[in-house]
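Start at 1 with the first residue, then count along the sequence.
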Amino acid sequence: MTLFHFGNCFALAYFPYFITYKCSGLSEYSAFWRCVQAGATYVLVQLGKMLFLATFFPTWEGPAGGFDLLGEFLRATVDVADLGGLQLALGRGGGRGELRILVAALGWASAEMLTARCVPLWVGARGVEFDWRHLQMGLDSNISLV
């Protein structure tokens, strides 16, 4: 039963990306490698953000109930790196404008889905008991695809 649950969660999470790639016409333009490049850009941007946050913004050492407004604001500004990464992924793709946007979006979303949901699905959905959390994770990946 757990194998079927894992199969259902896997199909719910991953097949919409495959269907989007096949039905949007990206496969006709052989855009798979460009999608992989956009995904690699996502991974590099996230790694850079993590290293930057860990290096320049250490954890709050103030009073227990205190709130560091400036520190939190500066941590939130690091998310601008996502915009730079998307601009890099859009500029690297070739072809028409719509094709570049679709390649960057599909590669970015697929890499986010693989890095954030692959291990929890593999470990959790193969467990002994059924949990709705994994189906919700699959549905959430569909929402992030949109």
**Message:** Rounded to the nearest 0.5 Å, what separates atom CG in Leu86 from atom CD1 in Ile101?
**Reply:** 11.0 Å
Show me the donor-acceptor pairs within less than 3.5 Å that the side chains of residues 23-32 make with the rest of the protein, sequence neighbours left out.
residue : atom : partner : partner atom : Å
Ser24   : OG   : Thr20   : O            : 2.7
Tyr29   : OH   : Arg96   : NH1          : 2.7

**Request:** Would you mind reporting whether Trp108 and Asp82 have side-chain heavy atoms less than 4.5 Å apart?
**Result:** yes
**Asked** Side-chain heavy atoms under 4.5 angstrom apart, residues restricted to Ile, Leu, Val, Met, Phe, Trp, Tyr: same cluster for Leu53 and Phe73?
**Response** yes
**Item:** Cluster overlap Leu88 with Met50, hydrophobic side-chain contacts below 4.5 Å
**Value:** no
**Item:** Heavy-atom closest pair, residues Gly107 and Ala38
**Value:** CA-CB, 4.0 Å
**CA sep, side-chain torsions, deciding dist, call: Glu112, Gln46, side-chain contact (heavy atoms from CB on, under 4.5 Å)** = CA-CA 9 Å; Glu112 189 268 332; Gln46 295 305 315; over 6 Å; no
**Asked** For the residue pair Tyr21 and Tyr17, is the inter-centroid distance of their aromatic rings smaller than 6.0 Å?
**Response** no
**Asked** Do Phe56 and Leu74 pass the side-chain contact (heavy atoms from CB on, under 4.5 Å) test, and can you show the C-alpha distance, the side-chain angles, and the key distance before you say yes or no?
**Response** CA-CA 10 Å; Phe56 297 112; Leu74 290 175; over 6 Å; no
**Message:** Nearest 0.5 angstrom please: Ile143 CD1 to Gln136 CD, how far?
**Reply:** 10.0 Å
**Message:** How long is the straight-line distance from NZ of Lys49 back to CG of Leu44, given to the nearest 0.5 Å?
**Reply:** 13.0 Å
**Chi angles and distances behind the side-chain contact (heavy atoms from CB on, under 4.5 Å) call for Val103, Gln37** = CA-CA 9 Å; Val103 163; Gln37 288 176 342; over 6 Å; no
**Prompt:** Where do Cys35 and Leu106 come nearest, in terms of heavy atoms and distance?
**Reply:** SG-CD2, 4.3 Å
**Request:** Please assess Tyr14 against Leu114 for the test side-chain contact (heavy atoms from CB on, under 4.5 Å), listing each intermediate value before the final yes or no.
**Result:** CA-CA 9 Å; Tyr14 293 99; Leu114 283 173; 3.6 Å; yes
**Prompt:** Honestly curious: do Val43 and Leu51 fall in one hydrophobic cluster under the side-chain, below-4.5 Å linking rule?
**Reply:** no
**Message:** Working to the nearest 0.5 angstrom, can you tell me the gap between Leu90 CG and Leu83 CG?
**Reply:** 10.5 Å
